[in-house]
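Just so we're clear, the structure is a prediction, and the values are computed from it rather than from any experiment. Counting starts at 1 for both ligands and their atoms, following the listed order.
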Amino acid sequence: MSNTALTNGHTNGINGTTQNGVHDKVDFDPRSYDDLIMLTESVRRQVDLKEVPTIGIICGSGLGKIGDCIKDAQILPFKQIPGFPTTHVIGHKGNLIFGYLGGKFVVCLQGRFHPYEHGMDLALCATPVRLMHQLGVKNLIVSNAAGGVNPKFNYGDLMLIKDHIFMPGLCGFSPLVGVNDPRFGPRFVSIHDAYDRQLRQLAQNVAKDLKIVLHEGTYVMSGGPQYETPAEVVFFKTVGADALGMSTCHEVTVARQCGIRVFGFSLITNIANTDADNSVEVTHEEVLEAAREAGDHACTFVTEIISRV
Ligand SMILES: O=P(O)(O)O[C@H]1O[C@H](CO)[C@@H](O)[C@H]1O
């Protein structure tokens with residue numbers, strides 16, 4: 001089957017109605033388990049789930065190519081998913097894709113929700129992970145574009161995420177804040193093993209076989225959307241950062257709450273400034289350009305990992 005864009009009309013079951021497959025603004029509560037179930041049912045009605053997608057993928061800025069590599073793809077635009085907000089960030093297409101990659105049936109978020117776009121509602125931004133869990137995902141591959149802080153990193157390198165510092169989470173902006181329905185998972189979640197050791201080892205083996213430079217390090221998520229000042233970069237470097245971004249940690253936190261194993265990697269799209277006297281401008285355009293250049297590379301890497309999971 002060739003790739004299919006799903007545009008059939010549907011009823012979403014969460015308040016509003018739909019016309020021509022595009023949902024009206026719906027009153028979706030990301031902290032309601034019942035709303036999550038209705039969202040999941042809406043997705044199930046719109047796609048032909050040939051198998052249970054046990055692997056989920058989230059594409060970082062400009063890394064949508066990974067989604068484009070999926071075979072026999074069924075493409076569900078976010079605007080057809082009741083409760084999903086829209087993604088406004090250039091380089092995030094806004095599709096949920098089902099199909100085959102590395103010989104496995106996968107579900108891929110071609111575009112993500114950044115907390116800075118959605119009033120720091122981290123539970124809303126992490127809803128796709130809860131959806132993936134409902135659909136049967138057991139392993140999640142998260143990717144992002146990030147600024148390199150570790151002096152060994154070069155433009156275009158890949159960094160396997162070994163651990164993270166979730167700045168908004170530390171300041172009370174966690175997707176787990178608020179009343180917790182135990183059906184989402186436990187109230188208190190241990191994040192001691194956020195990035196699965198076995199999957200990291202597997203990725204290291206893949207990188208070696210494919211002769212890809214793969215660093216390992218700590219990813220820091222800040223709130224954004226402004227990039228960091230040189231002093232902030234030095235601060236993050238001092239506390240152990242290797243790469244900086246504005247995403248991922250909220251998704252990983254929710255994945256761990258519902259027991260999904262996580263593998264994460266960053267594409268180093270720029271080198272973060274550490275000296276205000278010799279600093280250069282960082283732009284989203286250069287981030288996207290780096291991601292475009294690394295697209296094939298990232299796709300091969302992810303495909304091979306999936307084939308070995
Ligand atoms: O983390 P992803 O989605 O790759 O996006 C990264 O790129 C954007 C900045 O250029 C920020 O949103 C940052 O988090």
Q: Go through the steps to decide whether D193 and R256 satisfy the test salt bridge (Lys or Arg N to Asp or Glu O under 4.0 Å), and finish with yes or no.
A: CA-CA 9 Å; D193 58 352; R256 296 308 298 139; 3.3 Å; yes
Q: With sequence neighbours excluded, tell me which residues meet side chain to side chain donor-acceptor pair (under 3.5 Å) with R112.
A: S247, T248, E251
Pairs of nitrogen or oxygen atoms, one from ligand 1 and one from the protein, closer than 3.5 Å: please tabulate them with distances.
residue: ligand 1; atom: 1 (O); partner: R112; partner atom: NH1; Å: 3.4
residue: ligand 1; atom: 1 (O); partner: S247; partner atom: OG; Å: 2.5
residue: ligand 1; atom: 3 (O); partner: H92; partner atom: NE2; Å: 3.3
residue: ligand 1; atom: 3 (O); partner: R112; partner atom: NH1; Å: 2.9
residue: ligand 1; atom: 3 (O); partner: H114; partner atom: NE2; Å: 2.6
residue: ligand 1; atom: 4 (O); partner: S61; partner atom: N; Å: 2.7
residue: ligand 1; atom: 4 (O); partner: A145; partner atom: N; Å: 2.8
residue: ligand 1; atom: 5 (O); partner: S61; partner atom: OG; Å: 2.7
residue: ligand 1; atom: 7 (O); partner: S61; partner atom: OG; Å: 3.1
residue: ligand 1; atom: 10 (O); partner: Y227; partner atom: OH; Å: 2.6
residue: ligand 1; atom: 10 (O); partner: H284; partner atom: ND1; Å: 2.6
residue: ligand 1; atom: 12 (O); partner: H114; partner atom: NE2; Å: 3.3
residue: ligand 1; atom: 12 (O); partner: Y116; partner atom: OH; Å: 2.7
residue: ligand 1; atom: 14 (O); partner: M246; partner atom: N; Å: 2.9

Q | disulfide bond (SG atoms under 2.5 Å apart) assessment of C108 paired with C59 | A | CA-CA 8 Å; C108 173; C59 302; 3.5 Å; no
Q | Side-chain cluster (under 4.5 Å, hydrophobic types only) that I90 belongs to, other residues | A | L288
(Q) When you measure from the side chain of Q80 to the backbone of P77, do you find a donor-acceptor pair of N or O atoms at a distance under 3.5 Å? (A) no
Q | side-chain hydrogen bond (donor to acceptor under 3.5 Å, both in side chains): pairs with one or both residues in residues 97-108, sequence neighbours excluded | A | E51-Y100
